[in-house]
Novice: 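Dropping the structure in here first, questions after.
Start at 1 with the first residue, then count along the sequence. In this text, all values refer to a predicted model and were calculated from it rather than measured experimentally.
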Amino acid sequence: SVLFIIGSFNIVFAESEQYSEEKIQEALGILKILDVISDDYTKDTAANQEVTRAEFSYYAARLIKLQDYNHSTYFYDVPDTHWVFESINALAATGVVSGYGDHLFMPDQKISSTEAITILLRLFGYNNEYIGANGSNSLASQLDLIKGFHASPFLSFEDMLILLRNALECNLCETNLGVNSLYYIGDETVLSKYYDSYFEKGVLSGASQISIYGEPIKDKTAIIDG
C-alpha cells in the first residue's frame, strides 16, 4: 500500500522550526487515514489544550494497533469502566507505561513531552537500558521523532499530532537474542510493519487503472515519477 499526500505544501521539518498550519493539517489528515485519530477531530477540537496521560495512552496504543491486554486492573484509578482501560492495560502489560506508586496511573494528569517521547520509544521496542545508554532526546532525535516538535514542558494537542506523524516513519528496535542481547535500530518502520505502507513523494500520474497519460495500469498499482 502507498499513502498519498497530494498538495502543494512542502513536507520539511527542522527541530527548531515553528510548525505551520499545513504541517498540522497534514499530520491530522494522515492520522485520520490510518484511523489513529477519529474523523470527528478537527485541528480546533483541542487547540491549545494539553493532553492527559489517558488521552496519549489511547492514541499511542492505536498507533501500533495494540489491542492485546489481560483483564487485570493494574491501577486503582483506571477501573474497567474507564474509557481508556483497554489501552492503558495493554501498554502496562507490555511494560510501556507504569504508574506513580500505590498502583495509581493518574489518567487525568497532563502528560509531559518527555513522558510522551519515552512512551513511544518503549512502544518501538527500545528498552529502558537502551534508552538510558543513548539518552531519550538523543535517540528520539536520531529517529527523527522530534523533528518540528516544540518540546514544551507539557504536551499540547498540536504537539501530539506532530509527534504521532513523525512516529510513523521511526525505525523500530531490532533484537539479536544471544548470550548477550543486542539491541539496535532496525530497518522496519511503524508504517511498514503495522500498516504495510510507505511514504513516497513525487508526481502522481496514475493509480488503480486510471492514468492521466492513457497508458494501461494494473489494479492496486500507482505510478509516481514514472
Side-chain angles (χ1 to χ4, degrees), residues 1-45 47 56 59-60 62-65 113 116-117 120-121 123-126 137-151 155-174 184-226:
S1 302
V2 183
L3 212 65
F4 295 110
I5 307 302
I6 303 174
S8 60
F9 51 87
N10 193 17
I11 307 173
V12 178
F13 295 84
E15 288 185 26
S16 60
E17 185 181 8
Q18 193 81 2
Y19 27 84
S20 63
E21 181 76 17
E22 287 86 358
K23 289 188 179 69
I24 296 168
Q25 292 291 1
E26 180 229 6
L28 185 58
I30 293 171
L31 294 168
K32 282 184 176 183
I33 289 171
L34 299 177
D35 200 28
V36 177
I37 298 285
S38 167
D39 282 340
D40 297 335
Y41 267 98
T42 67
K43 176 187 171 295
D44 299 323
T45 301
F56 189 77
Y59 293 118
R62 289 179 70 86
L63 183 70
I64 66 164
K65 305 179 181 181
S113 296
I117 290 167
L120 290 179
L121 291 176
L123 203 63
F124 302 157
Y126 299 98
N137 284 340
S138 176
L139 178 58
S141 179
Q142 188 178 354
L143 295 172
D144 283 338
L145 178 59
I146 53 176
K147 57 187 177 183
F149 183 63
H150 279 175
L155 190 72
S156 69
F157 183 74
E158 291 180 348
D159 276 332
M160 184 181 70
L161 291 178
I162 297 297
L163 201 60
L164 293 176
R165 159 63 180 89
N166 291 345
L168 293 170
E169 295 188 271
C170 280
N171 294 82
L172 302 172
C173 183
E174 295 285 343
Y184 58 94
I185 296 174
D187 295 326
E188 198 156 32
T189 66
V190 172
L191 194 61
S192 66
K193 180 173 182 176
Y194 297 103
Y195 298 92
D196 191 26
S197 304
Y198 61 92
F199 283 109
E200 184 64 72
K201 185 177 180 181
V203 177
L204 176 67
S205 63
S208 296
Q209 300 182 331
I210 300 172
S211 166
I212 62 174
Y213 298 120
E215 77 269 29
I217 296 177
K218 295 179 181 179
D219 191 25
K220 299 183 180 179
T221 299
I223 305 296
I224 303 174
D225 287 343

Novice: Once rounded to the nearest 0.5 Å, what's the spacing between atom SG of Cys173 and atom CG of Leu121?
Specialist: 10.0 Å
Novice: Please say whether the positively charged group of Arg165, taken as NZ for Lys or CZ for Arg, lies over the ring of Phe199, i.e. under 6.0 angstrom from the six-membered ring centre and within 45 degrees of the axis.
Specialist: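 Here Arg165 passes the 6.0 Å and 45° test against Phe199.
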Novice: As an exercise, state the distance from NZ of Lys32 to CG of Asp40, rounded to the nearest 0.5 Å.
Specialist: 8.0 Å
Novice: Check the pair Ile30 / Val36 against side-chain contact (heavy atoms from CB on, under 4.5 Å), numbers first and verdict last.
Specialist: CA-CA 9 Å; Ile30 293 171; Val36 177; over 6 Å; no
Novice: Heavy-atom distance under 4.5 Å between the side chains of Asn171 and Val190, does that happen here?
Specialist: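 Sidechains of Val190 and Asn171: no contact.
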Novice: Run Tyr198 and Glu169 through side-chain contact (heavy atoms from CB on, under 4.5 Å) and show every step you take.
Specialist: CA-CA 8 Å; Tyr198 61 92; Glu169 295 188 271; over 6 Å; no
Novice: Report the distance from atom CG of Leu155 to atom CG of Leu163, rounding to the nearest 0.5 Å.
Specialist: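 With rounding to 0.5 Å, CG (Leu155) is 6.5 Å from CG (Leu163).
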Novice: Can you name the closest pair of heavy atoms from Ile217 and Ile223 and give their distance?
Specialist: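 Looking at all heavy atoms of both residues, the closest pair is CD1-CG1, 3.8 Å.
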Novice: Keeping Asn166 on the side-chain end and Lys147 on the backbone end, is there a donor-acceptor pair under 3.5 Å?
Specialist: yes
Novice: Just checking Asp187: does its CG atom have more than 12 heavy atoms from other residues, nucleotides or ligands closer to it than 6.0 angstrom?
Specialist: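 Open: at most 12 neighbouring heavy atoms sit under 6.0 Å from CG of Asp187.
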Novice: Within this structure, what is the CG-CG distance for the pair Leu120 and Leu123, rounded to the nearest 0.5 Å?
Specialist: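 Here the rounded value is 6.5 Å.
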Novice: Ignoring hydrogens and geometry beyond distance, is a side-chain donor-acceptor pair present between Ser138 and Ser141 at under 3.5 Å?
Specialist: no
Novice: Is it the case that atom NZ in Lys193 sees more than 12 heavy atoms from other parts of the structure closer than 6.0 Å?
Specialist: no
Novice: For side-chain contact (heavy atoms from CB on, under 4.5 Å), just list the numbers for Leu172 and Tyr194, CA-CA rounded to whole Å, side-chain angles, deciding distance to a tenth of an Å, and then say yes or no.
Specialist: CA-CA 11 Å; Leu172 302 172; Tyr194 297 103; 4.2 Å; yes
Novice: List the steps and the verdict of side-chain contact (heavy atoms from CB on, under 4.5 Å) for Leu145 and Leu139.
Specialist: CA-CA 9 Å; Leu145 178 59; Leu139 178 58; over 6 Å; no
Novice: Do you know which two heavy atoms are closest between Leu63 and Ala167, and how far apart they sit?
Specialist: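 It is CD2-CB, 3.7 Å.
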Novice: Please report the shortest heavy-atom distance between Ser205 and Tyr213, naming the atom on each side.
Specialist: CB-CE1, 3.5 Å
Novice: Return the CD1 to CG distance between Ile146 and Asp159, rounded to the nearest 0.5 Å.
Specialist: 11.5 Å
Novice: What distance do Leu28 atom CG and Ile162 atom CD1 have between them, rounded to the nearest 0.5 Å?
Specialist: 10.0 Å
Novice: Between Asp225 (side chain) and Val203 (backbone), is there a donor-acceptor pair under 3.5 Å?
Specialist: yes
Novice: Measure the shortest side-chain to side-chain distance between Leu191 and Leu34 over non-hydrogen atoms and say whether it is less than 4.5 angstrom.
Specialist: yes
